Every structure is written in structure tokens, then in C-alpha cells.
Amino acid sequence: MKVHVSTFGCSANQASAEVMMAAIRDQGHELVPEEHADVVVLNTCTVKYTTEQKILYKIRELGIKGIELVVSGCMPEVQLEDIIRSNPNAHVLGVNSISRIGEVLNSIASPDIRSQSTSRQALHVFSHEPEGFINVPRLRFNPNIHICQLSQGCNNTCSYCIVRSARGPLRSFHPDSIVKDIEQGINEGCREIWLTSQDNAQYGMDTGLRLPQLLERICAIPGDFKVRVGMMNPFSALPILEELLDAFENSKIYKLVHLPVQSASNDVLKKMNRFHSIEEANLVINSFRDRFDDLTLFTDIIVGFPGEKDVDFLKTIKWVRDYMPEKVNISRYTPRPHTKALEYRNIDSRIVAQRSNELHDVCEKVKVSVRNSMIGWQGRVFISKEAKLKGLMARTASYKPVVIPESSAVPGSSCDVEIFDATPGYFLGRVII
């Protein structure tokens with residue numbers, strides 16, 4: 001059959017899509033653009049209401065067109081009724097069941113099934129434990145980047161988060177399997193390794209070997225490659241902070257910290273059930289910055305959480321100006337099913353929109369300041385991949401993006417550059433001979 005895979009959400013979802021696409025190919029099916037597909041696989045995300053609504057519209061649309069549909073990802077675990085209501089004929093693949101995509105497609109391809117048209121029974125495939133996430137073939141979106149998922153699930157219960165319900169409690173994958181998975185990616189030519197999960201700093205809380213020790217094992221793998229450590233929550237990073245700092249000393253690890261603070265108000269953080277204060281989040285950030293002068297900071301902030309007062313929001317504005325994160329993922333709060341915050345009284349949507357716009361403006365000014373401070377910078381960069389338009393995309397040791405318009409270098413190599421200009425999305429550099 002002709003199959004199209006469309007994926008939404010985080011890098012863990014992206015890795016799952018790569019695994020499913022390889023399985024689809026290896027089963028003898030053809031991967032095609034959506035307009036040519038017999039079957040569409042929607043790999044879903046339900047973190048945000050807007051994304052959920054976009055996906056539900058797509059599920060209904062494909063049902064009206066009569067196209068076979070497989071819905072995978074987080075939504076089947078927590079919003080199965082919504083999927084069925086939108087398209088009763090949709091097949092469903094649970095978030096732990098990506099290794100069974102071939103089973104679903106082979107059933108759809110069966111002459112007996114296909115001849116029954118709309119009268120046939122939709123398949124619902126769920127697995128309790130995650131299977132087939134690592135040490136399996138994959139068809140990568142970027143042949144130079146290997147995404148390795150470290151674990152499935154989360155042990156915390158933030159009051160706004162639906163992902164805990166969708167992916168369940170923390171289950172860390174065995175470190176030997178992770179190392180083997182990364183070794184295979186490097187052997188296949190990947191030179192950038194992305195470590196992903198719902199919270200990387202939770203890795204090993206259920207098994208014993210924690211993230212710093214895992215990073216040491218990963219960095220000991222022979223080869224010229226870089227490691228991007230994904231999101232870590234402050235309350236998970238704090239207990240392993242000193243060991244984490246030591247692990248980040250390795251030159252293979254990008255000096256990038258993605259630490260969601262969500263709010264700079266302790267009152268709001270308490271209502272979010274975040275298990276950390278803003279002072280504790282700041283301690284993690286300051287400790288990294290004290291150790292690594294060129295650290296890049298990413299964060300996430302939720303605007304308009306129930307009970308957020310003007311004074312709370314102003315604390316967040318001040319925090320952004322003081323700490324100057326290079327990237328802020330701003331989310332307007334929307335209630336999600338299966339969460340504690342669903343019981344809370346929401347703030348007027350007009351106030352939420354106003355606060356979101358104000359925070360966006362502040363973040364843009366911070367980005368401009370950071371970009372301008374980098375003009376004239378000279379240093380060594382790692383060639384990550386070919387740039388979308390022209391030239392090469394490189395990364396500084398702290399993961400700042402530098403496009404080199406003209407260079408004979410190849411992905412996986414390093415060179416010295418001078419940054420001579422900046423765009424909203426990246427810096428421009430010239431090679432220093």
C-alpha cells in the first residue's frame with residue numbers, strides 16, 4: 001500500500017515516527033505524500049488544545065474522504081472516545097505499540113478486510129509496556145541526526161499535564177541498550193545525537209544508573225559526534241546537579257540546558273504542582289552558568305495558569321529579563337482532560353492573550369540582545385548538516401546555530417568561523433583559514 005506518516009509534537013514523537021516509517025518500508029509498503037496515500041498514519045500529540053483540535057479536524061477530514069487512517073501517539077491513550085467520535089473507522093495504535101504498525105497495516109491490506117469497506121471492524125492495538133523504541137531500524141528525517149529515547153513516562157504529576165496520563169509512570173530503558181542504539185546511529189553516519197524523553201533528568205530513578213553516569217558511557221563511544229541533552233525539569237536535575245555538571249564537561253556534550261521554569265511565581269508553581277521553587281530553578285541555571293560561560297538556556301513558560309495574578313506574571317517578565325534565555329516556548333494555558341487543573345477556574349482568555357503577547361515581545365527583545373552580542377564572535381563550530389537554503393548548518397559548543405554560506409567542510413567535521421551577521425533564526429559565519 002501507499003502510506004503517509006504525519007507526526008506532531010516532541011522529539012520523542014519524531015523518533016517514533018522514524019521507527020514506524022522504517023517498519024512500513026521494510027514491510028514492503030511505499031511511503032508517499034499524503035495526497036497519494038491509501039493509508040495515513042497520524043502520530044499525535046495532545047499537550048496543547050490547539051494541536052488536539054487540529055488533529056481531530058484531520059481525523060474527521062480523512063474519514064469523510066474514506067481514506068484508511070491509523071491514529072498513534074498520545075491521543076489514543078487519553079482521548080480514544082474523541083477519536084472514535086471523529087472517525088469510527090479509524091484504526092488506533094497505542095503510544096507503547098509503535099513496533100506493531102506492520103501488524104495494523106497488514107490487516108488493512110488483507111483482501112478480506114478491504115473488501116468489507118465501511119462494515120469492517122477498526123483495529124485498536126495497545127501495549128502496557130513500551131516496545132521497539134531503540135535498537136530497531138529507522139528512516140530518519142535528517143540522516144545526520146540520531147534521536148535516542150531514554151525512557152517512557154514520568155513520575156511527576158504536574159497539575160496541567162496530560163502526558164503523565166498518556167505515557168504512564170517512568171520506565172527507563174537499559175543503559176546497555178541505549179549505548180548500543182547510539183553506536184548503531186553513529187555507524188550509520190549520524191554525527192549529532194539527541195537524547196529525548198519526557199524528562200531526561202529522571203532517567204534511572206527507577207533503575208539506579210542515573211543520567212550523569214549514562215552520559216559518561218555515551219561520551220565514551222568512539223567517534224566524532226556531539227550530544228544534545230533534551231529537556232530536564234528543575235526538580236529532577238537538582239538532586240544530581242553536581243554529577244550532571246561534571247558530565248557536561250565532556251566536549252562531546254553541547255553546553256545547552258533546556259530547563260522549563262513554567263512560571264517565576266512560587267504561588268503559581270505550587271498550584272502547578274511543580275515540586276520546585278523559582279529559587280531552586282535559578283540555582284540549577286546559575287550552577288551551569290558558573291561552570292560554562294557560553295551556556296545556552298532554553299525554557300518553557302505557561303501564561304495565564306488559573307490563579308495567576310498580575311504580580312505573578314510580572315515576576316515572570318522580570319525573570320526573563322534577568323536570565324535572558326535564548327529560547328522560550330510560550331504556551332497559553334488551556335485545560336486538558338485527566339488533569340487536576342481541569343477543576344480550577346480559568347482566567348479570562350483576553351487577559352491570557354494580552355499576557356502572552358507581552359511576554360512574546362520581551363522574549364524577542366532578549367533574543368535581539370543575544371544575537372547582537374554574538375556579532376564578531378570567533379570560535380570552533382561543529383558542522384551539523386546541510387542548511388535548508390544554501391551552505392552548511394553548524395553549531396557552536398553551546399548549540400548556537402551558525403549557517404556558513406560557502407564552505408568545503410562536510411557534516412561531522414569542525415572548523416573555525418567568525419560570526420558576521422545574524423537573522424531571527426540563526427547566525428551567519430565565514431570560515432577562518
Side-chain angles (χ1 to χ4, degrees), residues 1-10 12-24 27 29 31 34 37-49 51-110 112-133 136 149 152-153 162-169 171 198 336-339:
M1 295 184 296
K2 295 180 178 180
V3 184
H4 175 74
V5 178
S6 180
T7 193
F8 299 82
C10 64
N13 253 23
Q14 184 177 333
S16 294
E18 292 180 345
V19 170
M20 287 193 288
M21 288 191 300
I24 292 166
Q27 287 280 337
H29 305 293
L31 289 161
E34 184 179 324
D38 303 314
V39 182
V40 172
V41 179
L42 289 183
N43 194 29
T44 64
C45 172
T46 186
V47 169
K48 297 182 180 180
Y49 173 80
T51 305
E52 169 211 280
Q53 289 302 301
K54 179 180 179 180
I55 294 171
L56 288 175
Y57 175 83
K58 191 70 178 177
I59 291 172
R60 289 191 292 270
E61 180 185 47
L62 292 169
I64 292 170
K65 291 180 178 179
I67 296 174
E68 294 280 6
L69 172 65
V70 180
V71 182
S72 63
C74 285
M75 284 185 70
E77 303 290 339
V78 287
Q79 293 173 286
L80 182 60
E81 291 182 1
D82 292 334
I83 294 169
I84 296 172
R85 189 161 46 245
S86 299
N87 185 342
N89 294 318
H91 306 282
V92 174
L93 192 65
V95 74
N96 289 324
S97 308
I98 59 173
S99 63
R100 300 176 67 182
I101 182 65
E103 173 186 329
V104 175
L105 292 178
N106 289 340
S107 180
I108 294 173
S110 167
D112 292 337
I113 295 291
R114 292 180 68 82
S115 65
Q116 294 176 28
S117 187
T118 57
S119 63
R120 60 104 172 99
Q121 183 70 35
L123 296 173
H124 293 177
V125 179
F126 290 90
S127 303
H128 179 67
E129 293 296 325
E131 299 175 359
F133 285 84
V136 291
Q149 186 169 336
Q152 179 81 302
I162 191 174
V163 176
R164 173 62 168 79
S165 297
R167 295 188 180 251
R171 282 150 297 176
Q198 282 66 69
R336 308 305 298 128
H338 309 287
T339 64

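Just so you know, these numbers come straight off a predicted model, no measurement behind them.
Without hydrogens or angle criteria, His338 side chain to Val78 main chain gives a donor-acceptor distance under 3.5 Å. For the pair Thr7 (side chain) and Ala17 (backbone), a donor-acceptor distance under 3.5 Å is absent. A distance-only check finds a donor-acceptor pair linking the side chain of Asn43 to the backbone of Asn13 [under 3.5 Å]. Side chain of Ser72 to backbone of Leu93: no donor-acceptor contact under 3.5 angstrom is found.
Put simply, the side chain of Val41 does not reach to within 4.5 Å of the side chain of Met21, judged on heavy atoms. In this structure, the side chains of Ser99 and Val136 stay at 4.5 Å or more apart for every pair of heavy atoms. When side chains are defined from C-beta on, Lys54 does not count as touching Thr51, because their heavy atoms never get closer than 4.5 Å. The shortest side-chain heavy-atom distance between Pro337 and Ile162 falls under the 4.5 Å cut-off. Considering only heavy atoms from C-beta on, Val95 stays 4.5 Å or farther from Pro76 through its side chain. Within the 4.5 Å cutoff, the side chain of Leu42 has heavy atoms near those of the Leu62 side chain.
One distance of note links CG of Asp38 with NE2 of His4; it measures 13.0 Å at 0.5 Å rounding. Summarising the geometry, atom CD belonging to Glu68 is positioned 7.5 Å from atom CG belonging to Asn89; distances are rounded to the nearest 0.5 Å. Considering CG of Asn96 and CD of Glu77, their distance stands at 6.0 Å, rounded to 0.5 Å. Separation of atoms NE2 (His29) and NZ (Lys2) is listed at 14.0 Å; rounding is to 0.5 Å. Residue Gln27 holds its CD atom at 10.0 Å from CD of Glu103, rounded to the nearest 0.5 Å. To the nearest 0.5 Å, the span separating CG on Leu123 from CD1 on Ile108 amounts to 6.5 Å.
Here the closest non-hydrogen pair linking Ala37 and Ile67 is O-CG2, 4.3 Å. Between Gly94 and Phe126, the closest heavy-atom pair is CA-CD2, 3.7 Å. Contact record, Gln149 with Ala12: OE1-CB, 3.8 Å, taken as the closest heavy-atom pair. Looking at every heavy atom in both residues, Ser97 comes nearest to Val125 through OG-O, 3.7 Å. Among all heavy-atom pairs drawn from Ala122 and Ala90, the shortest one is CB-O, 3.3 Å. In terms of heavy atoms, Val19 sits closest to Phe133 at CG2-O, 4.2 Å.
A salt bridge does not link Arg100 with Glu131: every distance from a Lys NZ or Arg NE/NH1/NH2 to an Asp or Glu carboxylate oxygen is 4.0 Å or more. By the 4.0 Å N-to-carboxylate-O rule, Glu34 lies close enough to Lys58 to be salt-bridged with it.
In this structure, Glu129 places its CD atom where more than 12 heavy-atom neighbours from other residues, nucleotides or ligands lie under 6.0 Å away. Counted within 6.0 Å of OH on Tyr57, heavy atoms from surrounding residues, nucleotides or ligands total 12 or fewer; the atom is thus considered open.
Between the side chains of Gln152 and Arg167, at least one donor N or O sits under 3.5 Å from an acceptor N or O.
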Original post:
Can you check side chain to side chain contact (heavy atoms under 4.5 Å, CB included) on Gln198 and Arg164, steps first, answer last?
Top reply: CA-CA 9 Å; Gln198 282 66 69; Arg164 173 62 168 79; over 6 Å; no
